[in-house]
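Below is one structure, written out as structure tokens, with a few remarks after it.
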Amino acid sequence: MTIILDGKKTSEKILNKVNERLNESKKSKLYLPPHLAVILVGDNPASKIYVNNKKKAAEKVGIKSTIIEFEVNVTEQELLSKIVELNNNDEVTGILVQLPLPEHIDKNKVILSISPKKDVDGFHPENGGKLLLGVEPYFYPATPQGIIMLMDEYNIPIEGKHAVVIGRSNIVGKPMAQMLLRRNATVTMCHSYTHQDDLVEIIKTADILVSAVGKKIVRCKMVKKNSCVIDVGISRDANGKLTGDVDFDIVAPSCGFITPVPGGVGPMTIASLMYNASKVY
Ligand code: GUN
């Protein structure tokens, strides 16, 4: 029997825990309320939805949030100045710049300008570098952290297992591989230059398969028996229906655990981000 990993239910559990923890810390005289500043540049419809969902989740758990909007033609300097201002504002405890940014803005410069102690996305090189070195970062990137939280909720073993990550983005693939490595998995990374035949053979050996590509890539019954399949991809099919990287109907009967799309990784990412946003350094 394949177990469907319920990201919605697990995320609610985590959000409740964050809320309880915040209520508990309010009793302390030293309590500094978390305040998340979210920067949105331009009018990308998907980004607007993501940012609003983050704000709603923050309200739900009792984290103050402020959305700061800029026109698409904002200069890099204006954006960097705002981040410096937020870094220096002691009332702001978390800063998130929604990606993607317009092409005229250097994303890496922007990420580098955020104080690592307020970098709730965990994208700053200090946080990414610490993850790589096995030193505790201030924040782990939300999506991989949410995936680990979901696997832990279902007691899915990681240590000694062969984990295959498809996709090498800075947001998901790379930190996911590092976090699995940190939990003592044997990690293989596949990406757009991996030969198709190799990909098929590698997937067959995965105890844990994480696909973060954004197109249907895990199609056949090639997954290992009892494996755990995590689908990070989200796109729309020809009928406009939300779909993931994994052909759920074909793959689900062959594996042991699988995340649905929607209702799997998506809500876990938000819950994991709120967990980060509740931390104050
Ligand atoms: N765009 C897509 N995913 C993310 C994310 O996790 N954080 C930010 N800041 N932007 C994104």
Side-chain angles (χ1 to χ4, degrees), residues 7 11 14 36-58 63 65-70 72 74 76 79-80 82-83 86-87 92-103 105-116 118-128 131 137-150 165 167-179 210-215 230-236 242 244-245 261-262 264-279:
S11 70
I14 288 162
L36 174 65
V38 180
I39 297 181
L40 174 65
V41 180
D43 45 18
N44 179 322
S47 290
K48 276 191 170 181
I49 294 172
Y50 291 140
V51 164
N52 283 326
N53 286 345
K54 288 169 189 177
K55 186 169 175 57
K56 269 191 233 155
I63 296 174
S65 67
T66 307
I67 299 178
I68 302 159
E69 292 192 57
F70 286 99
V72 69
V74 63
E76 190 176 276
L79 194 56
L80 293 173
K82 174 52 82 177
I83 293 170
L86 296 170
N87 283 339
V92 171
T93 58
I95 304 169
L96 181 155
V97 179
Q98 187 63 31
L99 302 175
L101 288 169
E103 271 183 15
I105 294 173
D106 183 343
K107 173 184 76 177
N108 291 325
K109 239 183 185 172
V110 170
I111 291 171
L112 200 61
S113 73
I114 299 171
S115 161
K118 298 190 180 187
D119 168 40
V120 290
D121 265 326
F123 294 166
H124 189 282
E126 181 174 331
N127 287 316
L131 173 57
Y138 294 111
F139 301 98
Y140 291 95
T143 302
Q145 176 174 253
I147 290 169
I148 300 275
M149 285 170 166
L150 185 60
V165 179
R168 54 174 162 177
S169 70
N170 290 343
I171 296 181
V172 185
K174 284 183 204 156
M176 183 79 255
Q178 288 305 325
M179 289 182 76
V210 181
S211 185
V213 176
K215 60 182 182 197
I230 306 285
D231 192 349
V232 188
I234 188 143
S235 53
R236 292 201 182 266
L242 279 183
D245 289 359
V261 176
V265 174
M268 288 307 297
T269 296
I270 294 266
S272 160
L273 178 68
M274 292 306 124
Y275 170 79
N276 282 353
S278 70
K279 291 208 232 172

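Numbering of residues begins at 1 and proceeds along the displayed sequence. Atoms within each ligand, like the ligands themselves, are counted from 1 in listed order.
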Review point. Between Asn44 and Gln98, does any side-chain donor sit less than 3.5 Å from a side-chain acceptor?
Key: no

Revision key, fill the gap. Atoms of ligand 1 under 4.0 Å from any heavy atom of Leu96, numbered from 1 in the order shown, are 9 (N)

Point to revise | Geometric N/O contact Ile171 with ligand 1, under 3.5 angstrom | key: no

Check your understanding: Hey, is the main chain of Leu96 close enough, under 3.5 Å, to the side chain of Asp121 for a donor-acceptor pair?
Key -> no

Check your understanding: Is a donor on one side and an acceptor on the other found under 3.5 Å between the side chain of Lys48 and the backbone of Asp43?
Key -> no

Exercise for review: Please write down residue, atom name and distance for the protein heavy atom closest to atom 8 (C) of ligand 1.
Suggested key: Asp121 OD2, 3.5 Å

Practice item. Considering the heavy atoms of Val97, write down every atom of ligand 1 situated less than 4.0 Å from one of them. Key: 8 (C), 9 (N)

Study note, to complete from the structure: atom 11 (C) of ligand 1 sits nearest the protein heavy atom Gln98 NE2, 3.4 Å

Review point. Is Leu99 touching ligand 1 with its side chain, its backbone, both, or neither, if touching means heavy atoms under 4.0 Å apart?
Key: both

Review point. Closest heavy-atom contact between Ala37 and Ile68?
Key: CB-CD1, 4.2 Å

**Study point:** Thr143 heavy atom under 4.0 Å from ligand 1
**Key:** no

Point to revise | Any donor-acceptor N/O pair, Asp119 side chain to Ile114 backbone, under 3.5 Å | key: no

Point to revise | Enclosure of Lys279 NZ (heavy-atom neighbours >12, cutoff 6.0 Å) | key: yes

Review point. Any idea which part of Phe123 is under 4.0 Å from ligand 1, heavy-atom wise: side chain, backbone, both or neither?
Key: side chain

